[in-house]
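First the structure, which I've put down as structure tokens, then a few questions once you've had a look.
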Amino acid sequence: MRAYLCNAFGPLDTHGPGDLPPPVPADDEVVIEVAAAGVNYYDTLIVQGRYQIRPALPFSPGGEFAGTISSIGAAVEGFHIGQRVLAFNSFGGFAEKARARASQVFPLPDAVSFDQAAAALVAYATAWFALHDRGRLRAGETVLVLGAAGGVGLAAVQIARAAGCTVIAAASTPEKLDACRHAGAAIGINYRQEDLKEAVKSATGGRGADVVIDVVGGAYTEAAVRATAWRGRVLVIGFAAGDIPRIPANLLLLKGCELSGVFWDEFLRREPQACHNQVSAILAGIENGSLAPPIHGRYGIEEAGEALKELAERRATGKLLICPKR
Ligand SMILES: NC(=O)c1ccc[n+]([C@@H]2O[C@H](COP(=O)([O-])OP(=O)(O)OC[C@H]3O[C@@H](n4cnc5c(N)ncnc54)[C@H](OP(=O)(O)O)[C@@H]3O)[C@@H](O)[C@H]2O)c1
């Protein structure tokens, strides 16, 4: 079968399309004929050997994919061949077929397209887990989203807005801020040009943000902690800027605020039922139109490297998809 392959860990332009034997499911797995796979920031890291998981070589990246089940492991119950599903498997999805553990497969309602589903799983489930679970979001609160025009960022904007909150989006260009406003943000801050803490304070009448979604890291994290309200919750999700910040603990004391880690893959592994309930709520939100995953572009397997570069170079607004039948 055709797949986008990493034959050796290295820079993004060292990988490309190739052939792999079709996957065979282990007892607890299903194999899915992939209709659409979402591109995530960690796909750009895993092929460089810079992610916490280093798969055996050669492998295809692509951790979230939607399609139909084509074969089922001997111990799997509750799924059938031909069923429309959405799955998470850390890697393997930029290919015509991919394996996933049945516990990490979600039945897909007919009204949700493969593209919408593949664009939603990691980004929306991470943002939902962060805001509603780790962040205990309440209607009427103010949410600051850093990297707000990215995959997780736009999902967080929509989920917070749907929960009745005021969203302040921070991103690096006017075009990205327009996309955030379109997704429901009330206020946009260009954090390349404006002082983040001062801009948030001024937008909130000096009060600060109740909840912060941080997928960027670097110097922005401390500025965001300084821009939180009393009893604020800062949700640490990722470090797209590259640097892992160190935060002075006295800031947390003075503001009575929390810094909480958000690790969605681990949540899925450790608390599968709670995670499945959250994904069901997201799929219901897509069905009823309150959530709408923004799709930035679609690529075939042969051009998957372009999609990875587009993401790594900060050119994407919303999700990129790899569609093998394109
Ligand atoms: N903890 C978890 O469970 C979990 C789950 C999913 C993702 N993540 C992590 O969350 C982060 C964001 O993921 P994503 O899929 O939303 O990525 P994405 O779509 O690429 O968005 C990341 C955003 O970060 C900003 N950014 C700032 N500095 C950057 C840099 N040097 N390079 C690239 N982007 C930069 C960009 O916005 P501006 O240009 O506007 O600054 C970009 O839109 C990643 O670190 C990812 O690994 C963690």
Side-chain angles (χ1 to χ4, degrees), residues 12 37-48 50-53 61-64 88 90-91 118-131 133-135 144-159 168-181 183 185 188-194 196 212-221 223-224 234-245 260-271 275 278-279 293-297 307-321:
L12 291 186
V39 182
N40 285 290
Y41 193 80
Y42 60 74
D43 299 319
T44 69
L45 302 178
I46 201 168
V47 294
Q48 299 182 65
R50 290 174 50 211
Y51 192 59
Q52 53 254 51
I53 298 165
E64 60 180 337
F88 176 77
S90 299
F91 59 92
L121 183 58
V122 172
Y124 281 71
T126 300
W128 187 286
F129 175 49
L131 288 168
D133 190 323
R134 305 293 288 135
L144 168 65
V145 182
L146 308 183
V152 177
L154 280 173
V157 171
Q158 282 187 12
I159 291 168
I168 303 175
S172 63
T173 67
E175 295 74 25
K176 287 187 174 189
L177 289 170
D178 282 347
C180 298
R181 286 194 194 89
I189 296 173
N190 185 328
Y191 55 11
R192 246 189 197 159
Q193 293 173 351
E194 297 174 65
L196 181 65
V212 177
I213 288 283
D214 183 9
V215 298
V216 177
Y220 293 124
T221 306
V234 178
L235 304 162
V236 177
I237 300 177
F239 312 103
D243 293 330
I244 297 179
S260 295
V262 176
F263 190 1
W264 182 76
D265 313 17
E266 201 56 25
F267 172 53
L268 171 60
R269 266 185 289 275
R270 287 175 184 263
E271 302 174 51
C275 185
Q278 293 182 12
V279 172
I295 295 169
H296 181 85
L308 290 174
K309 258 194 252 168
E310 198 167 356
L311 198 74
E313 292 169 3
R314 285 165 94 165
R315 286 184 277 127
T317 304
K319 289 292 289 193
L320 296 163
L321 298 178

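Numbering of ligands and ligand atoms starts at 1, following listing order. On a predicted model such as this, the values are computed, not experimentally measured, just so you know.
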| field | Distance-only polar pair, side chains of Tyr42 and Gln52, donor-acceptor under 3.5 Å | value |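 Note: Tyr42 and Gln52 side chains miss the donor-acceptor criterion.
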| request: Output all residues satisfying side chain to side chain donor-acceptor pair (under 3.5 Å) with Arg314, sequence neighbours left out; order by chain, then residue number. | output: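 For Arg314 there are no side chain to side chain donor-acceptor pair (under 3.5 Å) partners, ignoring immediate neighbours.
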Could you go through residues 213-220 and list every donor-acceptor pair under 3.5 Å that involves a side-chain atom there, pairing it with any protein atom two or more places apart or in another chain?
unit_1: Asp214; atom_1: OD1; unit_2: Val216; atom_2: N; d: 2.9
unit_1: Asp214; atom_1: OD1; unit_2: Gly217; atom_2: N; d: 2.9
unit_1: Asp214; atom_1: OD2; unit_2: Thr221; atom_2: OG1; d: 2.5
unit_1: Tyr220; atom_1: OH; unit_2: Tyr191; atom_2: O; d: 3.4

| query | Heavy atoms under 4.0 Å from ligand 1: which residues qualify? | reply |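 Under the 4.0 Å cut-off, ligand 1 touches Asn40, Tyr41, Val122, Thr126, Gly150, Gly151, Val152, Ala171, Ser172, Lys176, Tyr191, Val215, Val216, Ile237, Gly238, Phe239, Ala240, Ala241, Val262, Phe263, Trp264, Leu311, Arg314.
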| field | Parallel, tilted or perpendicular: rings of Phe267 and Phe129 (30°, 60°) | value |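 Answer is parallel, since the angle falls under 30°.
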| request: Please identify each residue that fulfils salt bridge (charged side-chain N to carboxylate O under 4.0 Å, His left out) with Glu175, with sequence neighbours left out. | output: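 With neighbours one apart ignored, the set is empty.
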| request: Could you tell me whether the side chains of Lys176 and Asn190 share a donor-acceptor contact shorter than 3.5 Å? | output: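 Checked: Lys176/Asn190 side chains show no N/O donor-acceptor pair below 3.5 Å.
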